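Report on the structure given below.
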Amino acid sequence: MDNVLRTILRADGKRRVLIVQRNDGRYSFKEESSFDSPFGKRWAALPPHATICDTIERAESEAYATIDWLIAIK
């Protein structure tokens, strides 16, 4: 299981990006979308990105260069 190191939340709270350290020690990011369920707010993974990086800074930079709503706020 990946270790979440940073979370970037979209202003409306409906999307987020997780900057993670993978089990192999490398870094990546995951985008998720929120939805309401009978058990409260839940998060669902969006299609994965193929980025695998050697530093957390590089993974975050790749997220800001790849995900539309992050590009818009950069």
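Everything quoted here is computed from the prediction, not taken from an experiment.
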Under 3.5 Å: donor-acceptor pair, side chain of Thr66, backbone of Glu62
yes

Tightest non-hydrogen contact, residues Glu60 and Ile19, listed as CA-CD1, 3.8 Å

Decide, yes or no, whether a salt bridge links Arg42 with Asp36 under the criterion of side-chain N to carboxylate O below 4.0 Å.
no

Walk me through whether Arg15 and Glu32 qualify under salt bridge (Lys or Arg N to Asp or Glu O under 4.0 Å).
CA-CA 6 Å; Arg15 294 272 178 103; Glu32 296 181 332; over 6 Å; no

Pair Glu31 + Arg16: basic N to acidic O under 4.0 Å
no

Give a yes or no on whether a salt bridge exists between Arg10 and Asp12, defined as a side-chain N under 4.0 angstrom from a carboxylate O.
yes

Consider only side-chain heavy atoms of I, L, V, M, F, W and Y, link residues closer than 4.5 Å, and tell whether Phe35 and Leu46 are in one cluster.
no

Over all heavy atoms of both residues, which pair between Val17 and Phe29 is shortest? Give the atoms and the distance, please.
CG1-CB, 4.0 Å

So CG of Asn3 and CZ of Arg22: to nearest 0.5 Å the spacing works out to 13.0 Å

Of all the heavy-atom pairs spanning Gly13 and Ser34, show the shortest one and how long it is.
O-OG, 3.5 Å

Starting from the C-alpha separation in whole Å, work towards a yes-or-no answer on side chain to side chain contact (heavy atoms under 4.5 Å, CB included) for Leu70 and Ile8.
CA-CA 9 Å; Leu70 285 178; Ile8 305 164; 3.7 Å; yes

Is it the case that one hydrophobic cluster holds both Tyr64 and Leu5, taking links as side-chain heavy atoms less than 4.5 Å apart, direct or via other members?
yes

Let me check something: do Ile67 and Ile56 share a hydrophobic cluster, defined by ILVMFWY side-chain heavy atoms less than 4.5 Å apart, either directly or through other members?
yes

Closer than 3.5 angstrom, by distance alone: can the side chain of Ser28 be matched with the main-chain N or O of Ile52 as a donor-acceptor pair?
no

Shortest non-hydrogen contact from Tyr27 toward Ala59
CB-CB, 3.9 Å

